[in-house]
Amino acid sequence: MSKKLFLLVAINVLWANDEPLVENYGKNLYENPRGIACNKCHGNKGEGGVIAHYKHKGVNKTLLAPRINNIEFSTFSQALDVQKGVMPRYFLTDEEITAIYMYLYRP
């Protein structure tokens, strides 16, 4: 079993036994993982949103943050592991990434 899959299973077991603790951990990380809140760009529950409106060479543009509450865990974790575009690199641990993911996927 891969480490990431094991973490997902472990978080699910923990969630079933201590839901408020795990949900609060993921929520707190999502709202302020390293001084820059995910929810400021991606919305309160990962639904995506507008980061900024601007003009480039006289043309109105919009910078959008994608929806992240509907993607697979592997895609989610890979996006947090590399620097691309304007998204900050947070240097989150596997456990932190899993907790955020589980928070976003909680109905």
Please work out whether the ring planes of Y101 and F73 are parallel, tilted or perpendicular, with thresholds of 30° and 60°. perpendicular

Please answer whether the main-chain N or O of [Y] pairs with a side-chain N or O of [X] as donor and acceptor at a distance below 3.5 Å.
X	Y	value
H42	E47	no
T75	I71	no
E96	T93	yes
K45	Y103	yes

Which atom pair, heavy atoms only, marks the closest approach of [X] to [Y]?
X	Y	result
I51	L64	CD1-C, 4.1 Å
T62	H53	OG1-ND1, 3.1 Å
C41	A65	O-CB, 3.2 Å
Y30	I68	CE1-CD1, 4.0 Å
E72	Y105	N-OH, 4.4 Å

Can you tell me how far the NE2 atom of H56 sits from the CG atom of L63, to the nearest 0.5 Å?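 H56 atom NE2 to L63 atom CG measures 13.0 Å (nearest 0.5 Å).
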
Distance from S77 atom OG to I100 atom CD1, nearest 0.5 Å? 11.5 Å

May I ask you to test the L104-F76 pair for a side-chain heavy-atom distance under 4.5 Å? yes

Is there a side-chain contact between E95 and I97, using heavy atoms and a 4.5 Å cut-off? no

